[in-house]
Amino acid sequence: MLSSLLRRLFRHSPPPEESDANPCTLASDPASGGTQAPSPALQQEPPLTDTSSIEDIEGSVICREAVLDRQQKIIGYQFLLQKAAYDHIRVHNRRVFHLYAEVLLQNLVHANIFPLLGQRSIFIEIPDSFLGHPSLVQLPAANTFFILKPVQDSRAPTQNDLQDKTRALRKLGYRIGIPDPLAVPAYFHLLPEIDLVSTRPSEVDIEKGEKLFGFIFKKAPQASILVSNLSGIEEFNFLHKIGATLFQGPFIISREHWQKAELSPDFTHLTILLKKLRQDAETREIVSILKQDAAITLRLLRYINSAANGLREHVTSIEHAITLLGREPLRRWFMLLLCGSNRNQPRAAAVLETALIRARFMELVSSSRTAHEREAFFLTGLLSLIDVILQQPIEHALQSLSIDDDICNAVLHNQGIYAATLALARACESMDSEHIVSAARACNIHPEQASACYMDALSWTLTLQQETSD
C-alpha cells in the first residue's frame with residue numbers, strides 16, 4: 001500500500017499539499033464549489049531530487065503508543081510511522097514531511113480501527129502546514145487530536161493561516177495540540193484555540209514544570225497537558241503531582257521490585273484449572289472445580305453462548321460448554337480471565353491490553369504453524385507481561401501457572417523457539433527502527449508485514465474487550 005501511494009504522489013500527480021484548499025470548508029459545505037489557488041509558497045517549493053528520504057518513509061511501519069489519564073486508564077493512542085521516517089529524513093523539504101503525514105493517515109484509514117475506538121482518542125503529529133490537507137477529515141472528528149509540528153524553513157504558514165485552519169477543524173469537532181509554547185513560541189498565538197499541550201520529561205523539572213503548567217493553566221485553561229516518553233513510574237508520580245493530565249511512554253509496562261504476595265481467590269481457582277488442563281484431566285474433574293466458583297462458571301456460560309462464537313444452540317451445562325469450546329480455547333480463555341483478575345490495580349488494564357496485542361500479534365505472525373504451536377505463541381505473548389499485570393515477581397507468577405518450559409525460556413531468558421517472535425512484538429512497541437528491521441528479519445518477514453499484523457492485533461484486542469466487557 002505504501003509503494004502504490006508513493007507512486008501516485010510522486011509519479012502520476014502533483015502533491016496534494018500544493019493545493020491551499022480549505023478541507024474543512026469542502027467537507028462541511030459541498031456547495032462551496034471548487035478549490036482555491038495553490039499557495040505561492042508551496043508552488044515555489046523545490047522538487048524532490050534525493051529519493052533516500054522517500055525510501056525511508058516507504059520502509060517505515062506504523063507504531064502505536066497508549067495514552068493514559070490521571071487514573072492510569074487508557075484514553076487513547078498516539079499513532080506514528082516508526083521513528084526512522086522522521087529521524088532519517090535527509091532533506092528537510094516540506095513535501096517529504098507532508099508525505100510522511102499522508103502515508104500515516106492512509107495507513108490508519110486502511111486499518112479501519114475507528115469503529116472500535118469507542119470513546120478513546122487518536123493523537124497524530126502533523127507538520128503545521130499540513131493542517132489544511134484534505135486527508136485529515138478522513139479521521140473521525142470526535143476522536144482525533146492533531147498535534148502540530150514545526151518545520152524549520154522559509155515556507156512556514158502564517159499566523160493567520162494557522163489560526164483560521166485551527167478554528168475550522170475545531171468547528172468540525174477535531175481537537176488541536178501544540179508543543180510546549182515556551183519552547184516553541186511560534187504557536188503562542190494559538191493558545192486560546194488549542195485543546196492540548198505536549199511536552200517531555202526532559203523538558204520538565206520542578207521549576208520548569210511548575211512554570212510551564214502554571215502558564216498553560218492561565219493562558220489555555222481548556223487544554224490538557226500530555227507528557228510523552230515517560231520511562232518509569234517515578235516520573236509519572238512527579239508529573240501527576242504537578243498537574244499533568246495525560247501520560248505516555250514505556251512507564252506503562254515498567255517493572256518494579258514487587259514482593260511475593262497472596263493472590264486473589266479467582267487467581268487460585270484459575271491456576272488450578274489451568275494445571276488440570278495441562279494434565280489432561282477428565283472433564284468431570286474440571287467441572288467439579290468450576291462449580292466451586294460461581295462467578296467463573298457464569299462468565300464461561302455467557303461467553304460460550306455469545307453471538308461471537310456462532311453456535312447453533314445455546315448450552316445449559318458446564319460439561320456441554322467445555323465440550324463445545326474445546327480444551328485449547330478453554331485454556332486460552334482461562335488465561336485471559338487470569339490476566340484480568342488484577343484489573344483494579346493502577347495500569348492493570350493498560351498492561352493487559354498490551355499483553356493481548358502481543359499475544360495476538362505472535363499468533364498472527366506464526367499463522368503458518370500448527371494450531372497447537374500458534375496457541376503456544378499466543379500464550380508466550382500474553383504471559384510476557386504477567387508480572388506487571390499481577391504486580392508479582394515474574395518467576396513466582398509463572399511457577400504458579402505450570403507453564404511449558406519453552407514459553408518460560410522465552411519470557412524469562414529471551415531464548416528458545418518463541419523468543420524471536422516475542423522480540424519482534426516488543427520491537428513493534430518501540431520507536432527503534434533498526435530494532436524493528438532486525439527483529440523482522442530474524443522472523444523472516446518484512447517489517448511492513450509485521451506492521452500489518454500489529455494493527456490487526458490491535459483491532460482484535462479492541463473487539464475482544466468490547467465483547468467481554470461485563
Side-chain angles (χ1 to χ4, degrees), residues 1 23-24 27-28 61-82 101-126 133-147 169-177 194-196 198 223-228 245-249 252-253 306-308 336 340 343 347-361 364 425 428-429 431 451-470:
M1 189 179 77
C24 303
S28 58
V61 298
I62 194 168
C63 297
R64 142 256 177 239
E65 281 196 355
V67 177
L68 273 57
D69 62 13
R70 288 178 62 84
Q71 287 72 46
Q72 300 187 55
K73 306 296 184 184
I74 296 178
I75 61 95
Y77 310 94
Q78 181 171 6
F79 290 100
L80 63 161
L81 297 182
Q82 48 98 337
E102 186 168 0
V103 169
L104 173 59
L105 292 172
Q106 293 304 319
N107 270 271
L108 285 175
V109 171
H110 179 74
N112 195 31
I113 64 166
F114 306 139
L116 305 174
L117 289 173
Q119 299 300 313
R120 293 182 179 181
S121 298
I122 304 169
F123 299 81
I124 306 289
E125 191 174 69
I126 61 172
H133 197 280
S135 64
L136 296 181
V137 295
Q138 296 180 70
L139 274 59
N143 300 86
T144 304
F145 283 85
F146 295 120
I147 303 174
L169 282 169
R170 292 185 80 228
K171 187 175 181 180
L172 291 176
Y174 295 95
R175 287 165 285 181
I176 306 298
I194 56 95
D195 306 279
L196 179 81
S198 176
S224 300
I225 300 175
L226 168 64
V227 186
S228 59
T245 49
L246 301 176
F247 308 87
Q248 176 189 18
I252 296 173
I253 57 172
S306 68
L336 295 175
R343 65 177 63 187
R347 289 187 296 159
V351 180
L352 175 57
E353 181 171 295
T354 300
L356 286 169
I357 294 170
R358 283 187 187 182
R360 179 59 173 171
F361 172 83
L364 291 171
C428 287
E429 298 165 8
M431 302 303 145
S451 177
C453 288
Y454 195 81
M455 292 302 294
D456 285 346
L458 173 61
S459 297
W460 177 88
T461 301
L462 293 174
T463 303
L464 178 69
Q465 291 175 330
Q466 287 181 355
E467 292 174 352
T468 59
S469 59
D470 47 36

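When a residue number appears, it is its place in the shown sequence, counting from 1.
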Undergrad: Measure the spacing between CD1 of Ile253 and OG1 of Thr354 and express it to the nearest 0.5 Å.
TA: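 If we round to the nearest 0.5 Å, Ile253:CD1 and Thr354:OG1 are 6.0 Å apart.
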
Undergrad: Is there side-chain contact between Val67 and Phe123, with heavy atoms separated by less than 4.5 Å?
TA: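 Contact flag for Val67/Phe123 side chains = yes.
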
Undergrad: Is any side-chain heavy atom of Leu105 closer than 4.5 Å to a side-chain heavy atom of Gln138?
TA: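 A side-chain contact under 4.5 Å is absent here.
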
Undergrad: Could you state the interatomic distance from OG (Ser121) to CG (Leu246), rounded to the nearest 0.5 Å?
TA: 8.5 Å

Undergrad: Please report the interatomic distance CG(Leu458) to CZ(Phe361), rounded to the nearest 0.5 Å.
TA: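 CZ of Phe361 is found 12.5 Å from CG of Leu458.
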
Undergrad: What I'd like to find out is whether the side chain of Glu65 reaches to under 4.5 Å of the side chain of Ile252, using heavy atoms alone.
TA: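 Of all side-chain heavy-atom pairs linking Ile252 with Glu65, none is under 4.5 Å.
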
Undergrad: Any non-hydrogen side-chain atom of Ile113 less than 4.5 Å from a side-chain atom of Phe79?
TA: yes

Undergrad: Check whether any side-chain heavy atom of Ser459 lies under 4.5 Å from a side-chain heavy atom of Asn112, and answer yes or no.
TA: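 A side-chain contact under 4.5 Å is absent here.
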
Undergrad: So which heavy atom on Leu172 is nearest to which on Ala141, and how close?
TA: O-CB, 3.3 Å

Undergrad: So how far is it from Ile122 CD1 to Thr144 OG1, rounded to the nearest 0.5 Å?
TA: 4.5 Å

Undergrad: Give me the atom names and distance for the closest heavy-atom approach of Cys63 to Cys428.
TA: SG-O, 4.0 Å

Undergrad: Minimum heavy-atom separation for Ser198 and Ile147, please, with both atom names.
TA: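 Closest pair (atom of Ser198, atom of Ile147, distance): CB-CG2, 4.3 Å.
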
Undergrad: For the residue pair Arg175 and Ala142, what are the closest heavy atoms and their distance?
TA: NH2-O, 2.8 Å

Undergrad: If I take atom CG from residue Leu104 and atom CD1 from residue Ile126, how far apart are they, to the nearest 0.5 angstrom?
TA: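 Between atom CG of Leu104 and atom CD1 of Ile126 there are 10.0 Å.
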
Undergrad: Closer than 3.5 angstrom, by distance alone: can the side chain of Asn107 be matched with the main-chain N or O of Leu80 as a donor-acceptor pair?
TA: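 Such a contact is absent between Asn107 side chain and Leu80 backbone.
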
Undergrad: Short question: side chain of Ser224, backbone of Leu196 - any donor-acceptor pair under 3.5 Å?
TA: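 No, Ser224 side chain to Leu196 backbone: no donor-acceptor pair under 3.5 Å.
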
Undergrad: Under a 4.5 Å cut-off applied to non-hydrogen side-chain atoms, are Leu364 and Tyr454 in contact?
TA: no

Undergrad: Given the rule in the side-chain contact (heavy atoms from CB on, under 4.5 Å) test, do Tyr174 and Asp195 qualify, once you have shown the distances and angles that lead to the verdict?
TA: CA-CA 9 Å; Tyr174 295 95; Asp195 306 279; over 6 Å; no

Undergrad: Are Glu429 and Arg358 packed together at the side-chain level, in the sense that at least one heavy-atom pair is separated by less than 4.5 angstrom?
TA: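 Yes, close enough: below the 4.5 Å cut-off.
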
Undergrad: Considering only heavy atoms from C-beta outward, does the side chain of Ile74 approach that of Arg120 to under 4.5 Å?
TA: yes

Undergrad: What pair of heavy atoms forms the shortest contact from Leu169 to Phe146, and how long is it?
TA: CD1-CD1, 4.4 Å

Undergrad: Atom CD1 of Ile357 and atom OG1 of Thr461: how far apart are they, to the nearest 0.5 Å?
TA: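 Atom-to-atom, Ile357:CD1 and Thr461:OG1 are 4.5 Å apart.
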
Undergrad: Given Glu353, which of Arg64, Arg360, Arg347 fulfils the salt bridge (Lys or Arg N to Asp or Glu O under 4.0 Å) condition?
TA: Arg64

Undergrad: Any idea which heavy atoms bring Tyr77 and Ala66 closest together, and the distance?
TA: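 Residues Tyr77 and Ala66, closest heavy atoms: CD2-CA, 3.9 Å.
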
